[in-house]
Amino acid sequence: MAAAAVSVSSAGSLLAMLQEPAPELKLHALVSLNSLVHAFWPEISTSVIDIESLYEDGESDQRQLAALLASKVFFYLADFKSALTYALGAGSLFDVSDDSDYTQTLLAKALDEYATIRSMASGATEEEKTIDPRLEAIVERMLDKCISDGKYQQAMGMAVECRRLDKLEVAISQCDNMHGALSYCINLSHQYVSHREYRCEILHCLAKIYLDSSDPDFLSICQCLMFLNEPDTVATILNGLLIASEDDALFAYQIAFDLVENENQAFLLDVRNHLDALRASASTDLDSTPASSNDQTVNAATEPSDDVQMRDDATMPSSPLTVDPNDAVQADRLTKIKGILSGETSIQLTLQFLYSHNRSDLLILKTIKQAVETRNSVCHSATICSNAIMHAGTTVDTFLRENLEWLGRATNWAKFSATAGLGVIHRGHLQQGRALMAPYLPPDGAVGSASPYSEGGALYALGLIHANHGEGIKQFLRESLRNTSNEVVQHGACLGLGLAALGTADEEICEDIKNVLYTDSAVAGEAAGIGMGLLLVGTASEKATEMLAYAHDTQHEKIIRGLALGIALTVYGREEEADTLIEQMTRDQDPILRYGGMYALALAYRGTANNKAIHQLLHFAVSDVSDDVRRTAVLALGFVLYNEPEQTPKIVSLLSESYNPHVRYGAALAVGISCAGTGSSEAISLLEPLMSDVVDFVRQGALIAMAMVMIQTNESYDSRVGTFRRQLEKIILDKHEDTMSKMGAILASGILDAGGRNVTIKLKSRSKHDKLTAVIGLAVFTQFWYWYPLTYFISLAFSPTALIGLNSDLKVPKFEFLSNAKPSLFDYPKPTTQQTTATSVKLPAAILSTYAKAKSRAKKEAESKAQEKAESKVQEKAAAPSSEDASAASTSMQVDGAAEKIAPEPEPTFQILSNPARVVPAQEKFIKFLQGSRYEPVKAAPSGFILLRDLKPTEAEELVLSDAPATAATTNAAPAEQGSASAAMAVDEEPQPPQPFEFTS
């Protein structure tokens, strides 16, 4: 048959048979043509009308065959729509299991068609939304085949794309690894589903499957429920785990830590309140259940039910027989989990880690201070800001205390910023934050402000210290705002309140800030606009309409700008729900409100890589008449794309070469935002030319963006990091460099070594949710273009690069784990030395020829003497080398080849780390837990807070990181008593010995 098929040179005879009246001949022709269509489709296409007529008029077998043939002809003619239409007419003859290009192309087309109809907007007519049953049948056959063949991930992807959650449920339930399948679906929903409403439907479906499974993964369930904003269900799950075994309680703690990492303060507060309500209702139920006899009481005590286990101490009957030994344990567990949910536990542990592991290089700051001219207030303020960022969260303010006179040169708003910087250094010191700032705050009952700039800065600092955890400070900030009429103090109080009450939508606080806004003071009004946005972040509140109306009424540009950003903050994460407001802002005649519209687009679609949002931003980036709007449109791409950082350099590469410097600046910051902390080679390559741009503010943006990308990357990992550090030093020391570039270099130095070299910039949590505080922090940070004090908002995006293992008491036990990579790849950057900084500023000295000749002669004589000495020493030792000689020889230095150089030992390929340890993002994939260790993680994770199961609970534990930062560092004690960088280093391991080196005279 193969030989016969090859000998066919034309399909003419078969096409002629289609005209014959006998059905058998037509059938034979169709079967033959179907097998030859790939070779003779140009010839067959001339008779496609005849084939179509057979489909229209023929009998069932002929109809389906004719449809299949017509479909193949149209496929080869690249008319895929017609090809699909006829493939549907072919019924079961269209084989979905075929691997040919024809079948696979049409299946993809069918999927697209089906998915498009299923995802039609609500505005579509019923006719448009009606699906051809034949198309639905093909898609169902594809899904069923994938499931039956065991291709579950493919089936899940297709089900999600086609909005067939029933098939998604079937695929997950039949999968061998259900937990893996559910995790895969959660990632699918976050990365590839562009509609928020549909994403919620998927997560509802997944949560239901999780809860119905025999072994539910509560860690993943609670992440789903957080996105769905169902705090009551989360509280119920946590409560159930707490009253069960100790292992289950550990899971509850782990869930709570993972939820806290997403930084949704309002949701966490609701979970805590629901936990209290559950416990109260359980206690009430127990109180209202009468004990009919002593026997029942004894039984209840000896065999506790779930209800009895949830009793409160206060509700216990007085009889000793009714004492439940588990009750005190459960109360302790409840206290612990509430501490975690409040954020206090993680904040305290982070504070201890950053203090004990602080590796800030004060010599860098000293170099900057010496290089900055006294009269240059911009660089002076930038240095103070850089110090704050460099020591963020470490509580180490040594540099400030050693340079009080220099610090005192700050006046007016520079003084405001300098005071606010203390809030960054002491961020998270919730217990002593107010005591720390007391010297700068207005005395109780004082009328008026003696030093408004210090007082305003101190209130702003309190907001930074308590950012997203402001329960303990909100009332004080409210009173401070009400008791002043000074616009500078109001400015600081509004920013502080917005930070402390972030996302809580507190009505009373909102009214207080609104009252300040309506005073129409330019300075206070700008902060009030931002403060209202912070308070209402992500709520899509109707107050945004009021804010927009007031922005149209006021004449102050500063207030309009504050309100524009504030409105954008209210639609954070709302995606298509925010489209109406975005449309209103982007079409406004006022460029400042259009500029706010760019931020609204950025924040509403943060991390979604939504095509519509990207298209809109690119449109404004190249077409708007305002440079501010164009700059912000490009910058906003960084927020939309941070979930796919590798895409950003590709998308903005052409914009980075724009003739417009504002667009180039926006491209630099877009890359900095989306690629922050990744060390991305493509991002670095894009930013390198911008660092030598002809325009000063473009260079500034590129330097800051480069530091954001390179944070927590060292020279061993990428040699360009060392080059960049030297370039920063050169710019700072160059007296002829312009102020803008110098400011960028100073801030970049701080960002590069932020948090004592122990933090990175992360916009996503480990569970792939966006970190609300971090995204908001970077958005407001970019406003430093207009208002330098807002630079400090970058500290909200800092995330500690640490693995901190915790036992059931939430203490840090001593245990070791493995980093399966060379230590140098992820080590701290080498500290600068006085010698290198001194030589870097030294000018080359003039050398006389006679001096050069004399020096050359002396050098040769010294070399010959050294050579003779080395040779004699080698001969002496050759006879009987001792162990001491061996160690000396191993570190011997080569002198002009006389003594053979001993190669240094190769660097180990792994490293043993002790809990808690610095683990940078690039290192996470190399982290392994050791076999046979006393502790076993509840959840396998390479970093963050990890609960540990103690496999030897009867043995005594050795705890570490038990001391908080020295109290002197949080009070106004003398500088000598403060925890300095060197003191913090002493807590950590000893420095490594120097590397072997060659000596030449």
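Since we're looking at a predicted model, the values are computed, not measured.
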Item to complete: Mind telling me whether His429 and His426 have parallel, tilted or perpendicular rings, with 30° and 60° as the class edges?
Response: tilted
Worksheet item: Just checking, any donor-acceptor pair under 3.5 angstrom between side chains of Ser765 and Glu261?
Response: no
Discussion item. Applying salt bridge (Lys or Arg N to Asp or Glu O under 4.0 Å), can you list everything that pairs with Lys764, at least two apart in sequence or on another chain?
Written reply: none
Worksheet entry | Polar side-chain atom of Asp627 near backbone of His662 as donor-acceptor pair, under 3.5 Å | no
Item to complete: Check whether the side chains of Ser626 and Asp628 place a donor and an acceptor atom closer than 3.5 Å, and report yes or no.
Response: no
Worksheet item: Tyr828 ring centre to Arg918 NZ or CZ under 6.0 Å, with the angle to the axis within 45°?
Response: yes
Fill in: Minimum heavy-atom distance Val709-Gly672, with the two atoms named
CG2-CA, 4.1 Å
Discussion item. If only side-chain N and O atoms count, and only distance matters, is there a donor-acceptor pair under 3.5 Å linking Thr394 with Asn358?
Written reply: no
Discussion item. Quick one: does any side-chain atom of Glu737 pair with a main-chain N or O of Ile732 as donor and acceptor, under 3.5 Å?
Written reply: no
Item to complete: For the residue pair Val378 and Tyr788, establish whether any side-chain heavy-atom pair is separated by less than 4.5 Å.
Response: yes
Fill in: His391 side, atom NE2; Asp397 side, atom CG - distance, nearest 0.5 Å
9.0 Å
Discussion item. Once you measure the plane-to-plane angle for Trp413 and Trp787, does it fall in the parallel (<30°), tilted (30-60°) or perpendicular (>60°) bin?
Written reply: perpendicular
Worksheet item: Do Ser741 and Arg699 have a side chain donor and acceptor closer than 3.5 Å?
Response: yes
Item to complete: Starting from the C-alpha separation in whole Å, work towards a yes-or-no answer on salt bridge (Lys or Arg N to Asp or Glu O under 4.0 Å) for Arg725 and Asp361.
Response: CA-CA 13 Å; Arg725 283 184 179 274; Asp361 194 339; over 6 Å; no
Discussion item. Checking side-chain polar atoms at under 3.5 Å, does Thr648 have a donor or acceptor matched by the opposite partner on Tyr642?
Written reply: no
